[in-house]
Amino acid sequence: MRTFDNLIIGFGKGGKTLAAQLAKQGQSTLMAEKSPRMYGGTCINVACLPTKSLENSARQSVIQGGDEQARQLHFYQAIEEKRRLTSMLRKKNYDKLTSVGVEVIDGEASFMDDHHVRINTGDKEEIIEAQRIFINTGAKPFVPDIAGLKESRRVYLSESLMELETLPKRLVILGGGYIGLEFASMFANFGSQVTLLQPGERFLPREDAEIAAAVEASLNRRGVRLMRNTALTEVRDEAEETVLHLMEKETASELRCDALLVATGRRPQLDALHPEAAGIALTARGAIAVDEHLKTSVDHIWAMGDVTGGLQFTYISLDDSRIVHDALTGGSRTTANRGAVPYSVFMDPPFSRVGMSEEEARKAGYEIKIAKIPAAAIPKAQVLRKTEGLLKAIIDAKTDQILGAHLFCEESHEMINLVKLVMDAQLPYTVLRDGIYTHPTMSESFNDLFAAVNPAKFLLFSLIL
């Protein structure tokens with residue numbers, strides 16, 4: 001048995017950042033990761049970065065054009081570039097940790113008690129004693145119990161779909177959430193016929209209704225088919241294609257495809273960890289229960305990232321590492337003072353949001369003002385030939401502070417961070433309205449968007465004029 005000051009279980013964003021900090025302080029630190037193909041965590045290997053690489057390649061494929069053979073070549077080259085990227089990033093992450101003194105062990109961890117963890121490397125088992133333990137094991141895809149789904153050779157998760165080397169002609173996506181949307185947009189750009197299956201009536205039910213309608217209209221124009229109120233009841237493979245048995249409201253039907261992506265969400269990854277052996281409490285939804293300092297029910301054990309059941313973003317895991325580090329050093333950061341959390345869905349164009357929707361603000365009792373402009377009003381959108389979209393902001397009429405912003409336009413993933421900064425600083429929307437921006441940029445649209453709070457001052461094409 002070896003003893004360490006710190007054991008981090010899971011090589012995700014939060015875990016690797018904290019591990020490096022602790023090692024630099026001279027503390028003995030062990031990083032346990034069950035797969036060497038997951039150095040760096042979910043984001044680097046099977047989520048954020050590989051999908052964005054493919055999304056960028058898909059856009060380039062549209063520009064390059066060509067027949068089916070050309071599109072197949074574009075797709076194969078995109079997969080190869082994705083593999084190059086993830087392999088390079090894995091090595092960089094491993095080298096970065098080991099260079100500051102973190103020891104990395106490949107193996108699956110399971111708690112024996114609150115200070116001892118068994119690590120199964122495949123060849124042997126090792127028992128590690130640690131004074132402090134940090135859980136950063138992430139999340140795994142949820143696969144519903146549907147007849148034939150797990151047996152089909154044409155059913156994929158997001159991770160395995162990104163390993164295909166042949167572009168599917170007909171892709172069906174089970175799930176109308178954010179992962180499904182990104183893949184729908186991406187594969188439509190590569191040239192697949194894409195169908196989205198969602199169980200409910202309302203598309204993007206958590207989003208502002210006007211923005212959701214704009215996103216749906218954009219997908220429709222690009223040939224993506226959305227099937228509402230549709231349940232998948234059975235999957236059956238045939239020699240050349242897979243047959244999906246559907247129930248649309250009370251009507252049974254069949255849909256044939258070359259690939260089915262299951263994008264029905266992700267759940268905390270606790271396989272084989274046995275947190276109960278350490279006395280670690282779970283939430284009702286099976287996540288690690290933590291307080292605002294990310295401490296578990298055990299005083300010397302913390303958890304970070306997706307495994308806590310919160311927002312599943314790599315930058316949340318990064319911020320979690322800051323909160324945990326502050327907890328160790330007497331700092332003031334907690335999950336309660338994290339501020340507004342923005343997010344982006346990397347479609348074409350991307351959709352980004354921070355704060356409340358119009359419906360949420362009204363339900364919360366705010367007296368509000370609304371600002372809206374079409375993306376086509378932005379000169380940079382015209383330059384980029386990306387005029388699809390809508391920008392919308394919700395303002396507190398009493399304080400002039402921004403309650404929420406919804407940007408469905410090119411480069412929205414960059415723009416939304418500026419809105420978050422203004423919201424966290426509790427500044428009035430006029431700071432963005434009257435700001436000086438370089439030209440031509442997408443962010444200068446804030447001049448016109450927030451001028452639209454007062455319609456009398458708004459000229460639709462004022463930036464162009």
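Scope of the values below: all heavy atoms of this structure, side chains included, with no hydrogens, waters or symmetry mates. Remember, it's a predicted structure, so these values are computed and weren't measured experimentally.
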**OP:** State whether a side-chain donor-acceptor pair under 3.5 Å links S192 with R71.
**Re:**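 No - no donor-acceptor pair under 3.5 Å links their side chains.
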Original post:
Side-chain donor-acceptor pair under 3.5 Å between R225 and N220, yes or no?
Top reply: no
Straight-line distance of [X] [atom1] to [Y] [atom2], nearest 0.5 Å:
{"X": "T29", "Y": "L22", "atom1": "OG1", "atom2": "CG", "result": "5.0 Å"}
{"X": "E444", "Y": "T438", "atom1": "CD", "atom2": "OG1", "result": "7.0 Å"}
{"X": "Q198", "Y": "T230", "atom1": "CD", "atom2": "OG1", "result": "8.0 Å"}
{"X": "L328", "Y": "H293", "atom1": "CG", "atom2": "NE2", "result": "11.5 Å"}
{"X": "R256", "Y": "E240", "atom1": "CZ", "atom2": "CD", "result": "12.0 Å"}
{"X": "D291", "Y": "T308", "atom1": "CG", "atom2": "OG1", "result": "11.5 Å"}

[X] side chain vs [Y] backbone, donor-acceptor pair below 3.5 Å:
{"X": "D326", "Y": "S332", "result": "yes"}
{"X": "R266", "Y": "A139", "result": "yes"}
{"X": "N93", "Y": "R90", "result": "no"}
{"X": "T17", "Y": "K13", "result": "yes"}

Subject >> Counterpart residues, side chain to side chain contact (heavy atoms under 4.5 Å, CB included), relative to A425 (two or more places apart) >> reply: L427
Subject >> By side chain to side chain contact (heavy atoms under 4.5 Å, CB included) - contacts of S61 (at least two apart) >> reply: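 Applying side chain to side chain contact (heavy atoms under 4.5 Å, CB included) to S61 gives H74, F190.
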Can you sort out the partners of [X] under side chain to side chain donor-acceptor pair (under 3.5 Å), two or more places apart, ordered by chain and number?
{"X": "S57", "result": "none"}
{"X": "R221", "result": "E388"}
{"X": "E201", "result": "N229"}

Identify whether the distance between the nearest side-chain nitrogen and carboxylate oxygen of [X] and [Y] falls below 4.0 Å.
{"X": "E410", "Y": "R385", "result": "no"}
{"X": "K91", "Y": "D95", "result": "yes"}
{"X": "R83", "Y": "E80", "result": "yes"}

Contacts of type ring-ring contact (aromatic ring centres under 6.0 Å, His included), residue [X], not counting sequence neighbours:
{"X": "F351", "answer": "none"}
{"X": "F134", "answer": "W302"}
{"X": "Y178", "answer": "Y343"}
{"X": "H413", "answer": "F346"}

**OP:** Decide salt bridge (Lys or Arg N to Asp or Glu O under 4.0 Å) for R228 and E216; before the verdict, give the C-alpha distance in whole Å, the side-chain angles of both, and the deciding distance to 0.1 Å.
**Re:** CA-CA 12 Å; R228 289 179 162 85; E216 182 180 354; 2.7 Å; yes
Subject >> Among R154, R153, R170, salt bridge (Lys or Arg N to Asp or Glu O under 4.0 Å) partner for E241 >> reply: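 The passing option is R170.
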Original post:
In a check of salt bridge (Lys or Arg N to Asp or Glu O under 4.0 Å) between D208 and each of K372, R353, K392, which one passes?
Top reply: K392
Original post:
Tell me, which pairs form a side chain to side chain donor-acceptor pair (under 3.5 Å) where one or both residues lie in residues 397-406, sequence neighbours left out?
Top reply: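 Those involving residues 397-406 are K369-D400, D396-T399.
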Subject >> Derivation and outcome, side chain to side chain donor-acceptor pair (under 3.5 Å), residues N6 and Q27 >> reply: CA-CA 7 Å; N6 307 292; Q27 300 180 34; 2.9 Å; yes
Donor-acceptor list for residues 34-44 side chains, cut-off 3.5 Å, not counting sequence neighbours:
residue, atom, partner, partner atom, Å
S35, OG, R37, N, 3.1
Y39, OH, D106, OD1, 2.5
Y39, OH, D106, OD2, 3.1

Original post:
Checking side chain to side chain contact (heavy atoms under 4.5 Å, CB included) against L174, which of L197, L244, L261 comes through?
Top reply: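 For L174, the side chain to side chain contact (heavy atoms under 4.5 Å, CB included) test succeeds with only one of L197, L244, L261, which is L197.
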**OP:** Mind running salt bridge (Lys or Arg N to Asp or Glu O under 4.0 Å) on K82 and E163 for me, showing each step along the way?
**Re:** CA-CA 9 Å; K82 185 270 303 183; E163 288 300 316; 2.4 Å; yes
**OP:** Please list, chain by chain and in numerical order, all residues satisfying salt bridge (charged side-chain N to carboxylate O under 4.0 Å, His left out) with K140, sequence neighbours excluded.
**Re:** D271
**OP:** Evaluate the side chain to side chain donor-acceptor pair (under 3.5 Å) criterion for residues N447 and R433: first the C-alpha distance (whole Å), next the side-chain angles of each, then the deciding distance (0.1 Å), finally the verdict.
**Re:** CA-CA 4 Å; N447 286 145; R433 183 196 67 188; over 6 Å; no
**OP:** With salt bridge (Lys or Arg N to Asp or Glu O under 4.0 Å) as the test, would you mind laying out the steps for R84 and E81 before giving the verdict?
**Re:** CA-CA 5 Å; R84 182 204 65 80; E81 169 57 20; 2.8 Å; yes
Original post:
Is the closest side-chain heavy-atom distance between R362 and I368 below 4.5 Å?
Top reply: yes
Subject >> Test log, rule ring-ring contact (aromatic ring centres under 6.0 Å, His included), inputs Y429 and F446 >> reply: CA-CA 9 Å; Y429 76 89; F446 289 142; over 10 Å; no
Original post:
Does E254 CD have over 12 foreign heavy atoms under 6.0 Å away?
Top reply: yes
